[in-house]
2 protein chains.
Amino acid sequence: MSHSVTLTTLDDAGVAKRLCDYDILPTRQRVQIARVLLAGDQHLCADQVLGKVKAAGSGVSKATVYNTLGLFADKGILREVKVDPNRVFYDTNNSEHHHFYNIDSGELSDIDPGRILVDQLPEAPEGSVIDSVEVIIRVRQQSIPDV
Amino acid sequence: MSHSVTLTTLDDAGVAKRLCDYDILPTRQRVQIARVLLAGDQHLCADQVLGKVKAAGSGVSKATVYNTLGLFADKGILREVKVDPNRVFYDTNNSEHHHFYNIDSGELSDIDPGRILVDQLPEAPEGSVIDSVEVIIRVRQQSIPDV
DNA sequence: CTGGCAATTTAGACAAAGTCCAGATTGCTC
DNA sequence: GAGCAATCTGGACTTTGTCTAAATTGCCAG
Ligand SMILES: [Mn+2]
Ligand SMILES: [Mn+2]
Ligand SMILES: [Zn+2]
Ligand SMILES: [Zn+2]
């Protein structure tokens with residue numbers, strides 16, 4: 001069993017169990033949000049999650065979506081990715097990995113782990129301790145070269 | 001002469017010349033903003049720049065501060081650092097380097113170049129091309145260990 | 001059961017950061 | 001000095017997210 005489950009076919013009971021594993025009380029709203037998220041590896045922002053939950057016919061308020069995403073991130077079932085000053089992405093892949101960010105399309109994608117290596121990590125400034133190391137490779141749409 | 005000038009004693013004429021070097025027409029407002037910025041190596045957000053300009057007794061509008069910071073970044077005299085979803089930092093050090101970001105204090109600081117090395121850069125996704133590579137080391141205030 | 005109670009959810013007000021616009025200013029050039 | 005393009009400006013507006021106070025829900029003791 002992998003740590004980052006990506007089954008499309010996760011029923012409410014399965015989702016609830018998974019939430020419990022992360023010490024999250026599985027309310028109706030949390031299960032609905034988790035179902036949308038755990039449908040596969042994704043990088044979604046709060047708005048998109050709200051849209052998908054609503055599209056799925058479930059009624060969940062904006063405040064609850066924000067509360068829940070924050071809770072999920074705290075509990076470690078999701079990872080926040082802060083790469084764009086306008087929105088936080090929630091990453092269903094909670095293992096250590098880095099990202100490409102397409103500044104034209106706004107699309108975030110994983111960098112194949114092992115395809116990058118950060119060496120010689122420096123000491124954190126006096127009085128602080130490292131929390132996370134994040135590599136972001138910003139990419140642009142390739143422009144057509146002149147013929 | 002280094003590329004990133006950090007003189008505290010840069011007069012209006014000097015600043016204006018520097019703006020011209022970057023192909024920026026030195027208006028009164030742009031010079032005032034540049035004086036605040038080029039006073040030393042700093043990582044400031046728009047609000048802080050606006051505050052400093054106003055504190056210096058110069059009248060510059062919010063819209064002009066935003067326009068000008070964007071222009072300076074486009075022209076390459078400043079670098080935008082996107083590490084916090086709430087604000088963009090403007091870095092007066094426009095050379096390639098990476099950052100520590102203290103998530104408790106909100107302080108951004110440079111990583112000594114050469115103290116970090118990113119290896120085995122992966123290929124950009126099909127149809128895209130690398131724009132920049134950014135390493136962000138998030139740090140926390142060190143908690144006091146139990147006695 | 002059933003009232004009590006804490007946790008959760010909700011609508012909508014609010015806030016922070018940034019963008020946009022239409023009119024005013026500025027700085028050339030002729 | 002008039003004409004003109006670039007720039008600047010106040011303030012309305014947008015986006016993303018937070019906050020609050022009231023309603024709902026889920027549990028549990030009695
Ligand atoms: Mn969004
Ligand atoms: Mn913002
Ligand atoms: Zn990811
Ligand atoms: Zn820097």
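None of these values were measured; they are calculated from a predicted model. Excluded from the calculations below are hydrogen atoms, water molecules and symmetry mates; all remaining heavy atoms, backbone and side chain alike, are included.
Between the P atom of dT16(D) and the CZ atom of Phe89(A) lies a distance of 10 Å, rounded to the nearest Å. The separation between Gln32(B) atom CD and dT26(C) atom P is 13 Å, rounded to whole Å. One can place CG of Leu71(A) at 14 Å from P of dT18(D), the figure rounded to the nearest angstrom. Atom CG in Leu44(A) sits roughly 13 Å away from atom P in dG17(D) (whole-Å rounding). We find that CG of Asp84(A) is positioned 16 Å from P of dA17(C), with the value rounded to whole Å. Between the CD atom of Glu80(A) and the C1' atom of dG17(D) there is a distance of 12 Å, rounded to whole Å. One can place CG of Leu50(B) at 14 Å from C1' of dC8(D), the figure rounded to the nearest angstrom. Atoms CZ (Arg87(A)) and C1' (dT19(C)) sit 15 Å apart, rounded to a whole Å.
Qualifying side chain to side chain donor-acceptor pair (under 3.5 Å) partners for Thr27(B), counting only residues two or more places apart in sequence or in other chains: none. Take His98(B) and apply the side chain to side chain contact (heavy atoms under 4.5 Å, CB included) test, not counting sequence neighbours, and it matches Ile111(B), Ile116(B), Val135(B).
Residues in residues 60-86 of chain A take part in these salt bridge (charged side-chain N to carboxylate O under 4.0 Å, His left out) pairs, two or more places apart or across chains: Asp23(A)-Lys75(A), Glu80(A)-Lys82(A), Asp84(A)-Arg87(A). Within the structure, salt bridge (charged side-chain N to carboxylate O under 4.0 Å, His left out) pairs that include any residue of residues 104-121 of chain A do not occur (at least two apart or interchain). Residue pairs meeting the ring-ring contact (aromatic ring centres under 6.0 Å, His included) criterion with at least one member in residues 47-83 of chain A: none, sequence neighbours excluded.
Look at Tyr66(B) and you won't find any side-chain N or O under 4.0 angstrom from OP1 or OP2 of dT19(C).
Ring pair His99(B)/His43(B) is perpendicular by interplanar angle, where above 60° counts as perpendicular and below 30° as parallel.
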Name the pairs: protein N/O against N/O of nucleotides 5-14 of chain C, kept only if under 3.5 Å.
unit_1	atom_1	unit_2	atom_2	d
dT8(C)	OP1	Arg30(A)	NH1	3.4
dT9(C)	OP1	Thr27(A)	OG1	2.4
dT9(C)	OP1	Gln29(A)	OE1	3.4
dT9(C)	O3'	Gln29(A)	NE2	2.7
dT10(C)	OP1	Gln29(A)	NE2	3.4
dT10(C)	OP1	Gly59(A)	O	3.4
dT10(C)	OP2	Ser61(A)	N	3.0
dT10(C)	OP2	Ser61(A)	OG	3.2
dT10(C)	OP2	Thr64(A)	OG1	2.7

